[in-house]
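As a basis for the values below, the full set of heavy atoms in this structure was taken, side chains included, without hydrogen atoms, waters or symmetry mates. Order of appearance sets the numbers: ligands from 1, and atoms from 1 within every ligand.
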Amino acid sequence: MTRVGEGSVVGLRRGSTHSTGSPEHADVVVVGSGFGGSVTAYREAEAGRGVVLLERGKPYPPGSFARTPSAMGRNLWDPSEGLQGLFDVWTFRRLEGVVSSGLGGGSPIYANVLLRKDEKWFVHESPLPGGGYESWPLSRSDLDPHYDRAEAMLGATPYPYPDTPKTTAMRDSAARLGLDWGLPPLAVTFASGPHDDAVPGAPIPTPSFGNLHGRPRTTCRLCGECDIGCNDGAKNTLDHTYLSAAAHHGAEIRTRCEVRGLGPLPDGGYEVRYVVHDPDDEGRKTKTSAKLLHRITCDRLVLSAGTFGSSYLLLRNRAAFPGLSRTLGTRFCGNGDLLAFLLDASDPDAPGGHRRIEGSRGPVITSAIRVGDALDGDGSAGRGFYVEDAGYPVFADWLVESTQMPGQVRRMARFARSRLRRRLGGSPKTGISADVSALIGPGHLSDGSLPLLGMGRDIPDGVMKLHKGHLEVDWTTSSSDAYFARVRATMQAISDDLGAKFQDNPLWWTRRVVTVHPLGGVPMGRHVAEGVCDADGQVFGFPGLYVLDGSMMPGPVGANPSLTIAAVADRACDRMPATRARTRRTRDDVITLPEQGGTVSTTAGRSVDATDLSFTEEMKGFVALDVDDPVRGAELGRQLGQGLMFHLTITAPDVDRFVVDPEHLGTATGYVECDLLGGQRPVQRAWFNLFTKDGDESRRLMLYRLHFEDAGGNPLTLVGHKDVHDDPGIDVWPDTSTLYVRVHAGHVPPGAAEKGRVVAAGVITIHLPDFMRQLTTFRTDGPHPARAMEKFGRLFLGQLWEVYGPALSGSR
Ligand SMILES: Cc1cc2nc3c(=O)[nH]c(=O)nc-3n(C[C@H](O)[C@H](O)[C@H](O)COP(=O)(O)OP(=O)(O)OC[C@H]3O[C@@H](n4cnc5c(N)ncnc54)[C@H](O)[C@@H]3O)c2cc1C
Ligand code: SF4
């Protein structure tokens, strides 16, 4: 066993065919290197603990960010399609989300704004439409010291160039409209030293903790490329700051390591399973589900995979965490993000009537207008928000101009005419700069346009869940309509004030938004009914398991959220116990019992003229988590819309032997499908008993036992029984078509008492159309098909007759 750090070694008992051998161990494993993960890795490493940070994406040193169209086309994240790039784009029913997949989380592509959450916006029990409420278990004063620390580490400084056109345009417009304008702190280096003047392209000294990339960095050159990665290293991203400091203190940072599975260990601590993406797989389709699983155990596990990443991981591994709060997946919001554009601004007093805004000059965001909230108590009404100038790279100016086709064609024709006239007229003038300038055109559109980014207190009533194993977000703009109308009206007012045409983001026409600030899904709360974790990020019921990232926000931050995520993580690190964490789980929660007895061999002692019979069965119903009684589980599952089905091809091997075997033991292949357990999961091993007796002659049991794994690789056993028993009335159909199921933790073998903890329970049934189809699926394999069919049919009907016949023939 490999050891990392000073923590005690915790062994693992479970083996897996596709895992590497013995696991290594670390004091702390951090999943994801965004704002929550980087702060935690640094603080934990600084405290002397052995930290392993697993990040799915690649490192991006200065100079390595994609710029050409072909490199940008590959700069997306979907390893199964050969894409291991920086942008991870999600699309849901009413919302698009853009997050990052590189070392440093969102910081390589974020716009550097570090604002604190407004003091009065830490709401308590603020009702949500449709039930529930938003409640922050923290206050601004709880976070202020941690905001200070994070700002210092991230080099927060206001934008220092006072005469940048887009900045002054926002400032002047805000003044005319009576809005509150300011220069938010930015995580960008503008000057070589604290007492030096801001100057573009000056060298940035390396801090005492070094830099993990080992590349030189230079100060901001105002190129507007912050959202596609800063090739100058002027952004104080997490890799240049917290992660470099974490590495300096001994943290091991592993990139291209994507976590798939996690679960608690019987004696305390956690196991993490991950795959490693191979650089050679870039550019080619890869079956990532077949990749080797690596395992690492730890005393403390910190999930910081971002709002989508951490929610997805916990939903996929939900079966491994009994009693996890039912609020998992709730309180999702897009932090009120709304993108709009102001185009072709005008100013009657300016030369040519055109207003210069130069959206591409400066870092992406330089200034912010704050619009108050009813909570502020200053007479503001409605929910508060910010509107920020959102710049773009210089090269985008050329794209904007190229959309002006008629103007371009006119200019080219004029240029050609002028050149021809001079040639034919024998003009001696050889300088044609003026003609070339006219050919390029005035660039009014790009010069006078600016995207505006709004964000604020929308309503966190979105729900994240799994649908066929994929993450789904149920969220609409409708409950936040009044909020969005207010943001749009303010943007429109700014646009009008600057003499520009206001343009919605085209997605808005179908009431869709693009969020770059997704939040929630694993909300913090004061107790398990209110949140998944407490204000320190520790998951209720699972000591040592922490969630520290955007997913733990119980509602919108309002302002840009990164600084708040960093501050919450920093505070949590102060409060993490120094001693080793221990879970209270019992061994049976996760242990896989040794396989013993009850196995079926379809080949041992098999005669040469053996004939197998198989048929396909599909059963569907409802289950609920953390419920032991199938009937109650089915009721609850139905209310919550939590389905479970299986599709099995059941085989009676060697029918001659099957019918005389009192256990009538067969096998099955197929899959279990249940969103709670991560979608469609293949059955790894199965046992099926047809009509076994349980001592009562008037009763037969049909038993099902299926071994499978949830999406996170946690082993599970579905144990089901049909109770074939004659009760008053005609009940042969309900009896033979109703399966009472329990899903146990671990792979519980036949013959073992059902030791594994019950993860879920419910009832599934065969629907009549499925049964009719089932009748057409009977197949035989062997030399005696007719005999096999007949013997199986006799067994089936004979057993039914034994149970129901006496009543039907009037003997009982
Ligand atoms: C274009 C853009 C501009 C933005 N501008 C700003 C801004 O100016 N100010 C601001 O405050 N915020 C901004 N944001 C938002 C900000 O980036 C996020 O709020 C912030 O990064 C969230 O931090 P986090 O800790 O939740 O996780 P993230 O920063 O999202 O990090 C999560 C990390 O986990 C990794 N990960 C995910 N799943 C796994 C897995 N299974 N295994 C291993 N690793 C995994 C990801 O690759 C990622 O690196 C911007 C975002 C974008 C996209
Ligand atoms: S404007 Fe350019 S140089 Fe400055 S931080 Fe952004 S990307 Fe880096």
Side-chain angles (χ1 to χ4, degrees), residues 30-40 53-58 62 65 77 86-89 97-115 184 186-190 200-201 217-238 254-262 272 274-275 277 303-313 316 335 337 360-366 368 388 390-391 393-394 453 455 514-519 547-553 557 559-566 568-569 712:
V30 178
V31 180
S33 63
F35 285 84
S38 297
V39 170
T40 310
L53 183 145
L54 301 171
E55 164 57 50
R56 64 180 176 168
K58 297 181 280 192
F65 291 100
W77 180 260
L86 185 55
F87 290 87
D88 187 12
V89 186
V98 182
V99 294
S100 161
S101 46
L103 186 65
S107 71
I109 61 169
Y110 86 148
N112 321 302
V113 176
L114 297 178
L115 278 172
L186 302 180
V188 176
T189 303
F190 294 101
R217 302 169 60 202
T218 51
T219 56
C220 177
R221 59 184 176 86
L222 316 181
C223 65
E225 296 173 10
C226 317
D227 285 353
I228 51 174
C230 179
N231 271 332
D232 301 78
K235 288 175 60 167
N236 305 328
T237 47
L238 296 165
R254 299 183 191 169
T255 52
R256 296 181 188 267
C257 292
E258 185 173 12
V259 172
R260 291 283 169 77
L262 31 114
V272 178
Y274 64 100
V275 296
H277 295 295
L303 296 183
S304 299
T307 291
F308 296 141
S310 291
S311 303
Y312 194 32
L313 274 175
R316 281 164 59 95
N335 202 39
D337 279 11
S360 61
R361 184 164 173 73
V364 165
I365 295 175
T366 61
E388 294 166 2
V394 178
L453 183 60
M455 71 201 73
V514 185
T515 180
V516 294
H517 303 126
L519 297 173
V547 178
L548 292 171
D549 58 18
S551 73
M552 70 179 303
M553 300 294 129
V557 170
N560 319 56
S562 301
L563 187 71
T564 298
I565 297 168
V568 171

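With sequence neighbours left out, the ring pair (Phe, Tyr, Trp, His ring centres under 6.0 Å) criterion links Phe65 to Tyr60. The side-chain contact (heavy atoms from CB on, under 4.5 Å) test applied to Ser107 returns Phe35, Tyr110, Thr237, Leu238, not counting sequence neighbours.
Considering backbone and side-chain atoms alike, Leu548 places every N or O at 3.5 Å or more from each N or O of ligand 1. Checked by distance only, ligand 1 and Ser562 come closer than 3.5 Å through their nitrogen or oxygen atoms. Geometrically, ligand 1 and Tyr110 share no nitrogen or oxygen pair separated by less than 3.5 Å. For ligand 1, none of its N or O atoms has an N or O atom of Val98 under 3.5 Å away. At a 3.5 angstrom cut-off on N or O pairs, Val259 counts as close to ligand 1. Close N/O approach between Asp549 and ligand 1 is not found [any backbone or side-chain N/O within under 3.5 Å]. Below 3.5 Å of separation, one finds no N or O of Gly309 facing any N or O of ligand 1. Checking only distances, Leu313 never comes within under 3.5 Å of ligand 1, N or O to N or O.
Side-chain atoms of Asn236 and Thr189 form a donor-acceptor pair, as typed in the model, at a separation below 3.5 Å.
Within ligand 1, counting atoms from 1 as listed, the ones closer than 4.0 Å to a heavy atom of Ser304 are 32 (C), 33 (C), 34 (O). Atoms of ligand 1 lying under 4.0 Å from at least one heavy atom of Ile109, given by number and element, are 1 (C), 2 (C), 3 (C), 53 (C). Of all atoms in ligand 1, numbered sequentially from 1 with element shown, those under 4.0 Å from a heavy atom of Ser101 are 47 (O). The distance from ligand 1 to the heavy atoms of Gly105 drops below 4.0 Å at these ligand atoms: 29 (O), 31 (O), 48 (C), 49 (O). Within ligand 1, the atoms closer than 4.0 Å to a non-hydrogen atom of Ala111 are 3 (C), 4 (C), 5 (N), 6 (C), 7 (C), 8 (O), numbered from 1 in the order shown. Proximity to Leu54 (heavy-atom distance under 4.0 Å) selects the following atoms of ligand 1: 43 (C), 44 (N). Near Gly106, meaning under 4.0 Å from any of its heavy atoms, are these atoms of ligand 1: 17 (O), 21 (O), 28 (P), 29 (O). Of all the atoms in ligand 1, the ones that sit under 4.0 Å from a non-hydrogen atom of His517 are 6 (C), 12 (N), 13 (C), 14 (N), 15 (C).
Each of Leu53, Leu548, Leu54 was checked for a side-chain contact (heavy atoms from CB on, under 4.5 Å) with Val30, and the lone residue meeting it is Leu53.
Within the model, atoms CZ of Arg256 and NE2 of His277 stand 9.5 Å from one another, a figure rounded to the nearest 0.5 Å. Rounding to the nearest 0.5 Å places CG of Leu186 at 10.5 Å from NZ of Lys235.
Contacts with ligand 1 closer than 4.0 Å are made by backbone heavy atoms (N, CA, C, O) of Asn112 only, the side chain lying farther away. At a heavy-atom distance under 4.0 Å, only backbone atoms of Cys257 (N, CA, C or O) approach ligand 1. Contacts of Val99 with ligand 1, taken as heavy-atom pairs under 4.0 Å, are absent altogether.
For residues 30-40, the side-chain hydrogen bond (donor to acceptor under 3.5 Å, both in side chains) pairs, not counting sequence neighbours, are Ser33-Glu55.
Side-chain atoms of Ser100 never come within 3.5 Å of backbone atoms of Phe87 as a donor-acceptor pair (strictly under, hydrogens ignored). A donor-acceptor pair under 3.5 Å links the side-chain atoms of Asp337 to the main chain of Val516, judged by distance alone.
The distance cut-off of 2.8 Å around atom 4 (Fe) of ligand 2 captures these protein N, O or S atoms, sorted by chain and number: Cys220 SG.
Comparing heavy-atom distances from atom 32 (C) of ligand 1 across Ala559, Ala305, Pro184 singles out Ala305 as nearest.
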